[in-house]
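To start, the structure under review is shown below, and the notes come after it.
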There are 2 protein chains.
Amino acid sequence: MPASLRTAVAYRRPRTLGRHIGGSRKRFDRRLGEILDHATAVFCDKGYEAASMRDLSRATGMSLAGLYYYFESKEKLLYLIQKHAFETILAGLRRRLEGLRDPEQRVRVLIQNHLEYFLANQRAMKVLSHEDEVLKNSYGAEVRAIKREYYRICLGLVEDLMRARGVEFSDRIAVLSLFGMMNWIYTWHNPRVDADAGVLARQMADIFLTGLLGAGKRKRSSRPTQ
Amino acid sequence: MPASLRTAVAYRRPRTLGRHIGGSRKRFDRRLGEILDHATAVFCDKGYEAASMRDLSRATGMSLAGLYYYFESKEKLLYLIQKHAFETILAGLRRRLEGLRDPEQRVRVLIQNHLEYFLANQRAMKVLSHEDEVLKNSYGAEVRAIKREYYRICLGLVEDLMRARGVEFSDRIAVLSLFGMMNWIYTWHNPRVDADAGVLARQMADIFLTGLLGAGKRKRSSRPTQ
DNA sequence: TAATCGTCCGAACGAACGTTCGGTAAAGGA
DNA sequence: TCCTTTACCGAACGTTCGTTCGGACGATTA
């Protein structure tokens, strides 16, 4: 969990902030992290709207009122879950792209990273995908900003690949189709039946890349029609 | 709307059923159909759990209590919407497959039918996709049965194509990837920006078919490894 | 004309919701 | 030792929820 989770709570905080809070900051963050994990499971199982704070109270073993010591609202809880998941997957992608130059390998790394994180944090990713439109205020705006940034990067990776191979295809349709293939996983993946992230990533990458590069092929060294 | 919607309501009905109900059956079904249309829009916009019967009352212009003359519960409303959408898309697919023999054309028709219906009934299909796990009782079991049947057919179409072309690939991953590409549309399609169903279907079919047939290719007339 | 039926409504029901209030008890610094 | 801060809780707040009750009123039937 990020270091600044402390800012999650905004009321009933000591007025003399910043003096000797440092001592128990770690405990606070760890405890909030545990609550977020339980909240992820509860939101995943019942859906955000159908899940109640009393469900979370039961799951954590903490009293209903006690929960509010760690965050200010149910919305903030969802915000923290979504933001953390998105930032982690984005950071992972950036790290793995460093020093990789081959356009096809870069797209393969995108798929690998996405599916690996998706399956390793299936519940959080379901909450991220499924409760996508729930947050309406500035929380929602912030999560949507990270999402746009992630989309922008992926679009760039696919564009680079198409340009390098002289392929013509709608980049928007291509990327959103790829996202569809990958994100839909949360509706069907069963760890006891289906392959692991590595195999799945290879198979989906094979379908997508062979498909895109094959379907969008045009005569060598010709120019676009306009 | 199907002819037997009347069975939607189960209480406060005349005990002497089946005698002279026939006279106003049409009006009842038409009115319920209008309510279902509004309910689809409300569930689509706010999500099933967040949508309230008072929202629906406002949308239809009918009183809260008056709504319950046409159905017995909010759950039944969702059930009727999901069942109707699924049955229609399934019937459309069956009709368009009749007399079509070429395996590739049959898969293309599946994609064409799916996307055409998806975009022509975007709101109903979002409710179908997004509120997939909401129904828990026998309503849910019934909708899930239709879904399994649809999945079974699609799996068969893809299997047939792979066999005809001597292609080896996990049929499950292939079909679920295809569903992902297609169903994810409800999260991004914008009629003012994106192409229509026909173009989209061709592009997705090109990516998927070129990808599957290319990536899964094996040496001609060789036998599977076991 | 009297009785019945189809259609719809105002008002209310109890339950569940997210959140807050006033407090307690242990820990820790002065 | 006293006093602040941290961590938490029982009980309740006001609101909204899905659903139902009893009845109204026009149309149809006997």
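All values reported here derive from a predicted model rather than from experimental measurement. Side-chain atoms are counted along with the backbone in the values below, which use heavy atoms only and exclude waters and symmetry mates. Residue numbers start from 1 in every chain, and the chains themselves are labelled A, B, ... in the order their sequence lines are given, proteins ahead of strands.
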Determine all donor-acceptor pairs shorter than 3.5 Å in which one atom belongs to a side chain in residues 198-208 of chain B; sequence neighbours excluded.
unit_1  : atom_1 : unit_2  : atom_2 : d
D206(B) : OD1    : R108(B) : NH1    : 3.2
D206(B) : OD1    : R108(B) : NH2    : 3.0

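Summarising the geometry, the separation between CG on D55(B) and P on dT16(D) is reported as 12 Å, rounded to the nearest angstrom. Per the geometry, OH belonging to Y70(B) stands 18 Å off C1' belonging to dT20(D), to the nearest Å. A straight line from OH of Y48(B) to P of dC17(D) spans 13 Å, rounded to a whole angstrom. One interatomic measurement links the two molecules: CG of L32(B) to P of dT7(C), which rounds to 11 Å at whole-angstrom precision. Between F71(A) atom CZ and dG18(C) atom C1' there is a gap of 10 Å when expressed in whole angstrom units. Rounded to a whole Å, the CD1 atom of I35(A) is 11 Å from the P atom of dA7(D). At whole-Å resolution of the value, CZ in F28(B) and P in dT7(C) are 7 Å apart. Going from atom NZ of K76(B) over to atom P of dG18(D) covers 18 Å, rounded to whole Å.
Here the side chain of S52(A) is nearest to one of dC9(C), dC9(D), dC17(C), namely dC17(C). Comparing dT7(C), dC9(D), dA11(C) by their nearest atom to the side chain of A65(B) picks out dA11(C). Listed nucleotides dT6(D), dT20(D), dT19(C) differ in distance to Y69(A); the shortest reach to its side chain belongs to dT6(D). Of the candidates dC8(D), dG18(C), dA12(C), dG18(C) carries the atom nearest the K74(A) side chain, counting heavy atoms from C-beta on. Residue Y68(B) has its side chain nearest to dG18(D) when only dC8(C), dT19(C), dG18(D) are considered. In the set dC9(D), dT19(C), dC8(C), dC8(C) carries the atom at the smallest distance from any side-chain atom of R31(B).
Ion pair R94(B)/E149(B) flagged as a salt bridge, since at least one NZ, NE, NH1 or NH2 atom sits closer than 4.0 Å to an Asp/Glu carboxylate oxygen. Residues K147(A) and E142(A) are not paired through a salt bridge, judged by the lack of any N-O separation under 4.0 Å between the basic side chain and the carboxylate. One finds a salt bridge joining K46(B) and D55(B) here, because a Lys/Arg side-chain nitrogen approaches an Asp/Glu carboxylate oxygen to under 4.0 Å.
Side-chain contact check for F71(A) versus L36(A): every heavy-atom pair is 4.5 Å or farther apart.
Contact annotation: R27(B) side-chain N/O to dT7(C) OP1/OP2 distance is under 4.0 Å.
Side-chain N or O atoms of K74(B) include one that pairs as donor or acceptor with a backbone N or O of Y48(B) at under 3.5 Å.
Of all the residues in residues 126-136 of chain B, not one reaches under 4.0 Å from DNA chain D with any non-hydrogen atom.
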Full working for salt bridge (charged side-chain N to carboxylate O under 4.0 Å, His left out) between D132(B) and R144(B): CA-CA 9 Å; D132(B) 182 39; R144(B) 257 174 271 125; over 6 Å; no
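Residue contacts for A50(A): at a heavy-atom cut-off of 4.0 Å it reaches no nucleic acid atom on any strand shown.
Where K46(A) and L67(B) meet DNA chain C, the nucleotide closest to each residue was compared, and L67(B) sits on the side nearer the 5' end.
R54(B) contributes a side-chain N or O that forms a donor-acceptor pair with the base of dG18(D) under 3.5 Å.
The minimum heavy-atom distance between V143(A) and Y79(A), with the atom names listed, is CG2-CD1, 4.0 Å.
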